[in-house]
K.L.:
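Here it is, the structure in full.
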Amino acid sequence: MLIRSFPAGAFGTNCYAVASGPRQECVVVDPGMDAVEPLARMLAQDGLKPVAVVLTHGHLDHTFSVLPVCDGYDIPAYLHPSDFGMLADPARWHGPQLAPLITGVALPDPSEVRPLDDGAVLSLAGVELTVRHAPGHTQGSVVFSLDLDDAPGLLAGDVLFAGSVGRVDLPGGSWEAMLASLRDVVLPLDDETVVLPGHGPATTIGRERATNPYLAEAAAGAGPAPRGRGL
C-alpha cells in the first residue's frame, strides 16, 4: 500500500493519495485549500492516476479544491449525505468568521456527489475503504478503514487526532454525538491501527487509548466538550 500526503492551505489539512503502489490508480482524500497544484506534483512523483475523491466531511478546509480536482481528472467525489448541505450552502455551516473563505468558492452540486453509506466498502483503485459514519465534528463525518499491509489503517478526518479530537462548536457539531462515535467506532479498533488524521501527525489507536483524554472520557461515558481542532 502506498500512502502519500501533504498539508494543504492555511489550515494544514492533510490531503492524502492512497494507491496499491507506484504508477497505479489512486484515491484522493480531502483536497482542501490551495490543494490543486501540490496534489498534481505529489501524484506526478509516483506516477499516480486518481480515480475518485473521497471526503471525510463537508468543511471547506477539506472540500475547497474538490471541484477543480474532480473536473481536472474527470473523476467523481464521495461524501456522506448528511454533509451535502455544506456544499449547497457553505455559509450556513461554517459560521460568520469564515465568510472570507466562502466568498467566491465553487463547490460541486450535491446531486453530482456520490453518497457514502455507513458500512459500505468502496473498491477503488485496487484499494478497499470501509466507511463508518462517525458524526460529532459534523453530522456527516466518516472515517475510512483500510489495510496498510503491515497494520490496519484509519483515515480519520477530523474525528481523531494525535492527542485531541475534532471541534464540535460549529453548526452541526455535537459533543454527545462525538462521544458516541469515539465509543462505538474508534475505541473498538485494534491498538495497532495507524491513524491518518485530517490535521497533524499520524498516531495509533493504542497510543491514543493510553494518552488521549477525550478517548478516556468517551470510554467513561462522560466529559466536557473539547476545544478540539479542525476548521
Side-chain angles (χ1 to χ4, degrees), residues 8 11 13-16 18 27-33 35 52-67 69-70 75-95 98 101-102 105-122 124 129-146 154-161 164-187 189 195-199 214 218 225-226 228-231:
F11 290 92
T13 303
N14 290 330
C15 176
Y16 295 94
V18 183
V27 179
V28 175
V29 184
D30 289 351
M33 298 174 63
V53 169
V54 297
L55 301 168
T56 60
H57 63 288
H59 281 157
L60 274 180
D61 62 327
H62 292 251
T63 65
F64 194 94
S65 297
V66 63
L67 187 60
V69 169
C70 286
I75 57 177
Y78 294 78
L79 177 69
H80 192 279
S82 293
D83 276 5
F84 279 5
M86 293 186 178
L87 302 180
D89 186 10
R92 175 186 174 191
W93 297 96
H94 289 80
L98 298 173
L101 293 181
I102 296 165
V105 65
L107 296 171
D109 188 295
S111 65
E112 300 171 355
V113 177
R114 299 181 184 181
L116 293 171
D117 297 319
D118 184 42
V121 178
L122 300 180
L124 299 166
L129 302 174
T130 300
V131 182
R132 289 301 311 274
H133 187 209
H137 180 61
T138 69
Q139 294 173 349
S141 288
V142 301
V143 298
F144 301 99
S145 294
L146 70 164
L154 186 75
L155 290 158
D158 286 4
V159 174
L160 180 67
F161 306 121
S164 189
V165 295
R167 63 189 291 182
V168 296
D169 59 328
L170 291 176
S174 166
W175 179 230
E176 290 75 20
M178 178 67 85
L179 279 173
S181 293
L182 295 175
R183 183 189 67 234
D184 299 337
V185 178
V186 174
L187 282 169
L189 296 172
V195 178
L196 304 169
H199 302 267
Y214 301 113
R229 297 185 61 180
L231 189 149

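Note: hydrogens, waters and symmetry copies are ignored here, and every other heavy atom, side chains too, is used. Just so you know, residue 1 is the first one in the sequence shown, and it goes up from there.
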K.L.:
Over all heavy atoms of both residues, which pair between Leu182 and Ala218 is shortest? Give the atoms and the distance, please.
P.N.:
CB-CB, 3.6 Å
K.L.:
From the options Leu55, Val113, Asp30, select the one residue that forms a side-chain contact (heavy atoms from CB on, under 4.5 Å) with Val66.
P.N.:
Leu55
K.L.:
Okay, side chain of His62, backbone of Thr56: is any donor-acceptor separation there less than 3.5 Å?
P.N.:
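Between the backbone of Thr56 and the side chain of His62 there is no qualifying donor-acceptor contact (under 3.5 Å).
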K.L.:
Heavy atoms, side chains only, cut-off 4.5 Å: are Val142 and His57 in contact?
P.N.:
no
K.L.:
Considering only heavy atoms from C-beta outward, does the side chain of Leu154 approach that of Ser145 to under 4.5 Å?
P.N.:
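Result yes, sub-4.5 Å side-chain heavy-atom pair found.
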K.L.:
Distance-only, no hydrogens or angles: does the Asp158 side chain make a donor-acceptor pair with backbone N or O of Gly166 under 3.5 Å?
P.N.:
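Answer holds: no.
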K.L.:
Please report the closest heavy-atom contact between Val69 and Pro31, naming both atoms and the distance.
P.N.:
CG2-CB, 4.1 Å
K.L.:
Are the side chain of Tyr214 and the backbone of Leu179 linked by a donor-acceptor contact shorter than 3.5 Å?
P.N.:
no
K.L.:
Taking side chain to side chain donor-acceptor pair (under 3.5 Å) as the definition, give me every residue that meets it alongside Thr13, ordered by chain and number, with sequence neighbours left out.
P.N.:
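Per chain and number, Thr13 pairs via side chain to side chain donor-acceptor pair (under 3.5 Å) with Asp61.
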K.L.:
Testing the basics here: between Ala134 and Val159, what is the closest heavy-atom pair and its distance to 0.1 Å?
P.N.:
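Minimum heavy-atom contact is O-CG2, 3.8 Å.
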K.L.:
Using side-chain heavy atoms (C-beta onward) and a distance below 4.5 Å, is Val28 in contact with Tyr16?
P.N.:
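No, every pair of side-chain atoms sits at 4.5 Å or beyond.
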K.L.:
Calculate, to the nearest 0.5 Å, the distance between atoms CG and CE belonging to Leu107 and Met86 respectively.
P.N.:
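Separation between the atoms: 11.5 Å.
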K.L.:
Nearest heavy-atom pair of Leu189 and Val185: which atoms, and what distance?
P.N.:
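Between these two residues, the closest heavy atoms are CG-O, 3.5 Å.
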K.L.:
Kindly write out the residues that satisfy salt bridge (Lys or Arg N to Asp or Glu O under 4.0 Å) with Asp89, not counting sequence neighbours, or none if the list is empty.
P.N.:
none
K.L.:
Are any side-chain N or O atoms of Ser65 and backbone N or O atoms of Met33, one a donor and one an acceptor, separated by less than 3.5 Å?
P.N.:
no
K.L.:
If only atom types and distance count, is the side chain of Asn14 paired as donor or acceptor with the main-chain N or O of Leu196 below 3.5 Å?
P.N.:
no
K.L.:
Rounded to the nearest 0.5 Å, what's the gap from OG on Ser141 to CG on Leu160? Could you check?
P.N.:
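One gets 12.0 Å once the value is rounded to the nearest 0.5 Å.
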K.L.:
Extract all donor-acceptor atom pairs below 3.5 Å that involve side chains of residues 76-85 and protein atoms in other chains or at least two apart in sequence.
P.N.:
residue	atom	partner	partner atom	Å
Tyr78	OH	Arg114	NH1	3.1
His80	ND1	Ser82	N	3.1
His80	ND1	Ser82	OG	3.4
Asp83	OD1	Thr138	OG1	3.4
Asp83	OD1	Gly140	N	2.8
Asp83	OD2	Gly58	N	2.9
Asp83	OD2	Thr138	OG1	2.7

K.L.:
Any chance the rings of Phe11 and His199 have centres within less than 6.0 Å?
P.N.:
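Aromatic pair excluded; centres sit 6.0 Å or further apart.
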K.L.:
Considering only heavy atoms from C-beta outward, does the side chain of Val131 approach that of Asp117 to under 4.5 Å?
P.N.:
no
K.L.:
Give a yes or no answer on whether the side chain of His137 reaches the backbone of Arg167 with a donor-acceptor pair at less than 3.5 Å.
P.N.:
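Side chain of His137 to backbone of Arg167, a donor-acceptor pair under 3.5 Å: yes, one is there.
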K.L.:
How close do Pro108 and Leu87 get, heavy atom to heavy atom, and via which atoms?
P.N.:
O-CB, 3.7 Å
K.L.:
What is the minimum heavy-atom distance between Ala35 and Gly32, and which atoms define it?
P.N.:
CB-O, 3.2 Å
